[in-house]
Amino acid sequence: MPGVSDSPGSAAWRFADGSKTGRKFRISGRLWMNSLDALVVAARDGAGIVRVPSWQVQSDLACGRLRRLLIDHEPAPTPLHLMLQPARLASPKIRAFVDYLVEQWGRIDAFRTPSTAC
């Protein structure tokens, strides 16, 4: 089954293998998109496998529309960083946005069952 990716042409996916750098595999396919949502829909419709953040497919995994592959070789999570000016210089709008992101992202548990029905 072909892979679907957000990079045109030949791409590589890196998987954990116990070493510091992991192992890189070249993937190729006929379907390339620049939208994670579109990639997920394509994978759900049987176009191939996709590599996206776990939060992107949380409900699809919980409802059985998609399944995880190579679980033992998943790379370490990528940290998310927010950078802003010191508090005394930050505008109230930016502070409110940062507070919202921290609250929302802090709640994410990629493999919990979503509250919405399948």
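Only a predicted model underlies this, so the values are computations on that prediction, with no experimental measurement involved.
Remark: D72 engages no residue in a side chain to side chain donor-acceptor pair (under 3.5 Å) (not counting sequence neighbours). The salt bridge (Lys or Arg N to Asp or Glu O under 4.0 Å) check on R23 picks up nothing, with sequence neighbours excluded.
Contact check for V41 versus S35: no side-chain heavy atoms found under the 4.5 Å cut-off. R44 places none of its side-chain heavy atoms less than 4.5 Å from the side chain of V57. A 4.5 Å side-chain heavy-atom check between L66 and V40 finds at least one atom pair inside the cut-off. Side-chain atoms of R68 and S54, non-hydrogen and from C-beta on, never get closer than 4.5 Å to each other.
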message: Go through it in stages, so that I can follow the logic: the residues are I49 and W13, the test is side-chain contact (heavy atoms from CB on, under 4.5 Å), and I'd like the CA-CA distance, side-chain angles, deciding distance and then a yes or no.
response: CA-CA 12 Å; I49 60 174; W13 288 350; 3.7 Å; yes
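Annotation: cation-pi pair R51/F15 present, NZ/CZ under 6.0 Å from the ring centroid and within 45° of its normal.
Residues I71 and L61 fall into different hydrophobic clusters, defined by Ile, Leu, Val, Met, Phe, Trp and Tyr side chains chained together at heavy-atom separations under 4.5 Å.
Atom CZ of F97 sits in a sparse spot, with 12 or fewer heavy atoms from other residues, nucleotides or ligands closer than 6.0 Å.
Taking CG of L69 as the start and CD of E74 as the end, the distance is 9.5 Å to the nearest 0.5 Å.
Panel note: side chain D17, backbone S19; a donor-acceptor pair is recorded below 3.5 Å.
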